[in-house]
Structures are given as structure tokens and as C-alpha cells.
Enquirer: 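Submitted below is the structure of interest, expressed as C-alpha cells.
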There are 2 protein chains.
Amino acid sequence: MQHEPIVKSSISKQIAEQLRHAIINGQFKTGERLPTEDELAKRYGVSRATVREALKRLAAQNLIRSRRGPTGGNFVTQPTHEELAESLSGAATLLVGLGSMSIDEIIEARRVLQGGCLKLAARHATSDHIEQARAALDRQKLTGLTDEAFCQADVTFHRALVDASDNGMIRFVMYAIIEALVPITNMVLSYVKERHEIIAIHEHLLTALENRSEVDLDQALNRLLDYLTETFQEAQIQRDGHKLAVTPQE
Amino acid sequence: MQHEPIVKSSISKQIAEQLRHAIINGQFKTGERLPTEDELAKRYGVSRATVREALKRLAAQNLIRSRRGPTGGNFVTQPTHEELAESLSGAATLLVGLGSMSIDEIIEARRVLQGGCLKLAARHATSDHIEQARAALDRQKLTGLTDEAFCQADVTFHRALVDASDNGMIRFVMYAIIEALVPITNMVLSYVKERHEIIAIHEHLLTALENRSEVDLDQALNRLLDYLTETFQEAQIQRDGHKLAVTPQE
DNA sequence: CGATCTTATTTGTCTGACAAATACATGTCA
DNA sequence: TGACATGTATTTGTCAGACAAATAAGATCG
């Protein structure tokens, strides 16, 4: 007797998978409308609720977007770079937040990968990129900035540097790494509060970029990451000391 | 008169967002069980169907997993490295597939980023990593392999090289880039069919790694990417020529 | 011609029900 | 007592049908 291979996963999940592949393989082109939910339900022989659960899975991946009304429906969308970068940084943040990625690893990754990225930037940077970075740096110099605002400008600055590499793929992955470092920068800022050093290093980076000096860029990057490593350890000690003082038990 | 800020997005999406933040902020720890769907429905004052659509959104992001029965429910899961890497490469593949990322960009990105990665690998590679790479390379040498199998072994080989860098963050992003190159490798394979050259270059790479020679690694990587660039153009010409011959109109 | 009203279509949500999986308690028989 | 079957409660999975809300296009009226 032959046993049919029983399918363990839920119907809605299977439908989501099928539709997903259909979209990726181009059977539904971007901008195109999927069949209506009723139609899909009939076609798969399931209820509309099940179809909808499948569609929501796709929506969560920014693969489709829905509109109501006639001419409405579920449309295949090309996820924007923003959205993809966002989901990517979300994943990276999660990895860091859940502690499955050490600080040292992130800094090392940044040292290695951003090093290459800056080399490209030295070759491809336009005055536009440099201006953007300059603007972000100027914002960091303002007095009275909250830590969050400072950190935000920090991200903007580094993104501008990455953009200068003029490479979409690199931009895609570097954004994630930069994002992953935000919590650390934030912690350093709240416990050590030495913005001027960060600003000085950024100035160093930007000047090196303006001069298109790969050596200087490398030097500046290492200076930044060394500084972060040091102060992060310091901040950690302070934080833990603080914590211990407040909650001595445990 | 004051107008309340009307909320445009659907209820299920909002609930998904709320739960998502609750999970990321650690209000629900990993492994913990969320309230039952009925409970959530009551708590948010919506129907169970709506709650379920929200939950499916989270499930699509591998944030929760569900089990039936008593002691069952929706559990917060720590996404595996695999799952995160998968969603990441899914995004990257999409970018490539939808043509918003050029081949040149990917190859350039790989040249720059993998270059740094291999430097790390030269320092950190263990015999274990090298053996894994060797095994994948041996598999590529088998005769009678389908293009898919060959390509699969190719990915395994490069992953082993990346693993040798011994850095989770780098692994995370490099996996995506490697994955993004798969369609291109595939196309090169189907139209040019020169596996021996790829194998030779891989041999070059592996030997360089065994000798921990950064210079050789760099040389081999450039050799590989130059080769891919060339043959890809060739393949493209052949394919387009073929297409034109078959469908001369348009 | 233009403004408004109606109407059809499609997604969003609700309700209530039953099916399926599954842990746990209970009972039965050796 | 111990192993095994059996029921039972709980929770997710799926279904069916309904109404609400958005919205584009046609119909109507001034």
C-alpha cells in the first residue's frame, strides 16, 4: 500500500508559498492584480478566510498591497529599497537584540566591509554625496541635541558615506550593519557622553573622502571603530555597575 | 473643533505592529506563549479572524510559530540564523530579479566585500572550514551533475569560505550576496558550459586559503569575478540572440 | 456641461460554527 | 500495579455567510 506524502503545514501557508513563487518567477508581474479573493478561494477550493491569511503573509513581506473597491484588489508590488532595507535592518537588529551577535563581531564586520566600501566611495563620491554627509555632520555639531537626534544624524552621516560608493547592493547590506550598530552608539552616548570625539573622527572621515585618500579613509575608520570598542567597554562597565548598585540582589 | 488623527491602515496591520513591537521590546520573551486568539480578540475588541490575520503577518516574519491543542498557542520564536539569512537572500534575489540591481553592481559588491571577508578567513579558517569547502569542491568535480546540483555545490563552497571568516554578521550579509549571484551563475552555466574553469578557480581559491595567503586569495577572487563578468556578457549575447531567432517579432 | 446620486465591485471585519491536533485525566483489563 | 485504550478539554485551523467601507464608473438631474 502506498501512503501519500502527508503535508504537515497549514493550507494557508501552502497557498502563500505557491503565490510567492508565482510572483518571484514572474507569473504575476509587478503592478499586476492578483485574482480576487473570491476567485482564489474558488480556485484553491478553500474559504476566503484561508486565502486572506495567505495574502496577509505576503503583505507582511511587502510582496503585495491591497486596495478596496472596483479596480481594487491585491497588487504585486516591487518592494522599495527602503522597505527591503528596513526589513533587513529589522532582522539585523533582532540578531543583535537577541544577543546572538556580539559587539565585537559587528565592529569587526564593519571594519572589514566598510573598509572596502569606503575605497569605492573614494572613487565614486560626487559633490552631492559629500554635501549630504557635510550636512549630517553639521547637524551633529548643534548644541542641545538629544541623544536620539544625535544618533539619527550619525546614521544619516554614515548612510551618506555608503551612498557615495554608488552601488545598490553595497548600500543594501551596509545600511543593515550601520543600523545594527545604533543601539551600541546610543549606549555609548548615554553613558560616556563624548560627542566631540565622534565629531572629530567624522570630520577626519569626511576630509579624507574629499581628498579621495583611501589611506586616510582607512585610518579614520579604524580610529572610529577603535574608539567605539573602547568606550563601549567603558559604558558597559558603568551600566553594569549602575545596575548592580540599584538591584544588588541577583 | 479637533479632528482625531484618523488611522488609515487596517486594524489587523495595526495589531500586527503592536505585537511586533511588544516582541522586539522583550515584553514577550522568546519561547513564551502569547495570549490565545480568543483572548487577544477580546482584549483588542476585534474578531478572532482579524487577530489571526495579524498573527499570520508575524508568522510570515518568523516571529511566532503556532501549535494546536492545550499547551498549544502562538509562541514567540527566535528566528534562526538560517531563517533570517533566508529572508535576507529572498529580498536580495527579489532585487536582482526585478532588475533594480545590475549585475555589475553585484559583482563589484562581491569584489569589494568578499575581498575583506577572505582576508578575515585567511586569519580565522579552521581545518574544519577548509574540509567543508573541499567537500563542496569535490562535489562540483563529479561528472553527470545537473546545472542545479553544480550550482548548489557552488553556493555551498562559497558559504564555507564565508564561514571561515568566523563572523556571524559577515556571514549574514555575505550569504545574501552569494545568493543574489546564483541566477547569474546559473545562466552562465546553461549557455557557456565551462565548468572546468570555475573549478580551476575554486581550486585556486581553496589553495590560497590553505596557505593563508591574502594576496593569492585576492588574486583568485578577482580571477573568478572577471571570469563571471566576461562569460556573463557572452551568455547574455547568446541568450538574446537565441530569443531573437525564436521570436523575431518584437 | 457639471455636480450629485446610485450602483457594482472588492477588500475589511464580524459572527458562529465545526474540524483537527494534542495534553491530560480517567477508566479498563491483565 | 501497570500498560493501554478512551474520553475530554483546550487551542489553532478552516469554513460559510453576512455586512461595512472604500471607490470607480455610470446614471440622473439641474
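All values below come from the heavy atoms of this structure, side chains included, with hydrogens, waters and symmetry mates left out.
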Enquirer: Of all residues at least two apart in sequence or in a different chain, which pass the salt bridge (charged side-chain N to carboxylate O under 4.0 Å, His left out) check with D163(A)?
Expert: R171(A)
Enquirer: Pairs in or reaching into residues 61-74 of chain A: which pass side chain to side chain donor-acceptor pair (under 3.5 Å), with residues at least two apart or in two chains?
Expert: R20(A)-Q61(A)
Enquirer: Output all residues satisfying ring pair (Phe, Tyr, Trp, His ring centres under 6.0 Å) with F172(B), sequence neighbours left out; order by chain, then residue number.
Expert: none
Enquirer: Could you work out, with salt bridge (charged side-chain N to carboxylate O under 4.0 Å, His left out) as the rule, every residue matching R52(A), not counting sequence neighbours?
Expert: E37(A), E53(B)
Enquirer: Roughly, in whole Å, what's the span from CG in D38(A) to C1' in dT9(C)?
Expert: 10 Å
Enquirer: Run the side chain to side chain donor-acceptor pair (under 3.5 Å) test against Q152(A) and tell me which residues pass, sequence neighbours left out.
Expert: none
Enquirer: Distances under 3.5 Å between protein N/O atoms and the N/O atoms of nucleotides 3-8 of chain C, please, pair by pair.
Expert:
none

Enquirer: To 10°, what angle do the rotation axes through the five end pairs on each side of the helix from dC1(C)-dG30(D) to dA30(C)-dT1(D) form?
Expert: 20°
Enquirer: Applying ring pair (Phe, Tyr, Trp, His ring centres under 6.0 Å), can you list everything that pairs with Y175(B), at least two apart in sequence or on another chain?
Expert: none
Enquirer: Rounded to the nearest angstrom, tell me the gap between atom CZ in R65(B) and atom P in dA21(C).
Expert: 19 Å
Enquirer: Write down the distance between CG (L34(B)) and P (dT10(D)), rounded to a whole number of angstrom.
Expert: 20 Å
Enquirer: Could I get a table of every N or O pair under 3.5 Å where one atom is in the protein and the other is in nucleotides 12-15 of chain C?
Expert:
from	atom 1	to	atom 2	distance (Å)
dG12(C)	OP1	S66(A)	OG	2.7
dG12(C)	OP2	R52(A)	NH1	2.8
dG12(C)	OP2	R52(A)	NH2	3.2
dG12(C)	OP2	K56(A)	NZ	3.1
dG12(C)	O4'	R68(A)	NH1	2.9
dG12(C)	N7	R48(A)	NH2	2.8
dG12(C)	O6	R48(A)	NH1	3.3
dT13(C)	OP1	I11(B)	N	2.6
dC14(C)	OP2	S47(B)	N	2.8
dC14(C)	OP2	S47(B)	OG	3.1
dC14(C)	OP2	T50(B)	OG1	2.5

Enquirer: Would you call R159(A)-E179(A) a salt bridge at under 4.0 Å N-O?
Expert: yes
Enquirer: Could you work out, with side chain to side chain donor-acceptor pair (under 3.5 Å) as the rule, every residue matching R57(B), not counting sequence neighbours?
Expert: S12(B)
Enquirer: Roughly, in whole Å, what's the span from CZ in R33(A) to P in dT9(C)?
Expert: 12 Å
Enquirer: Please name all residues satisfying side chain to side chain donor-acceptor pair (under 3.5 Å) with T126(A), sequence neighbours left out, ordered by chain then number.
Expert: H129(A)
Enquirer: Going by the rule salt bridge (charged side-chain N to carboxylate O under 4.0 Å, His left out), which residues pair with E39(B) if we only count those two or more places apart in sequence or in a different chain?
Expert: R43(B)
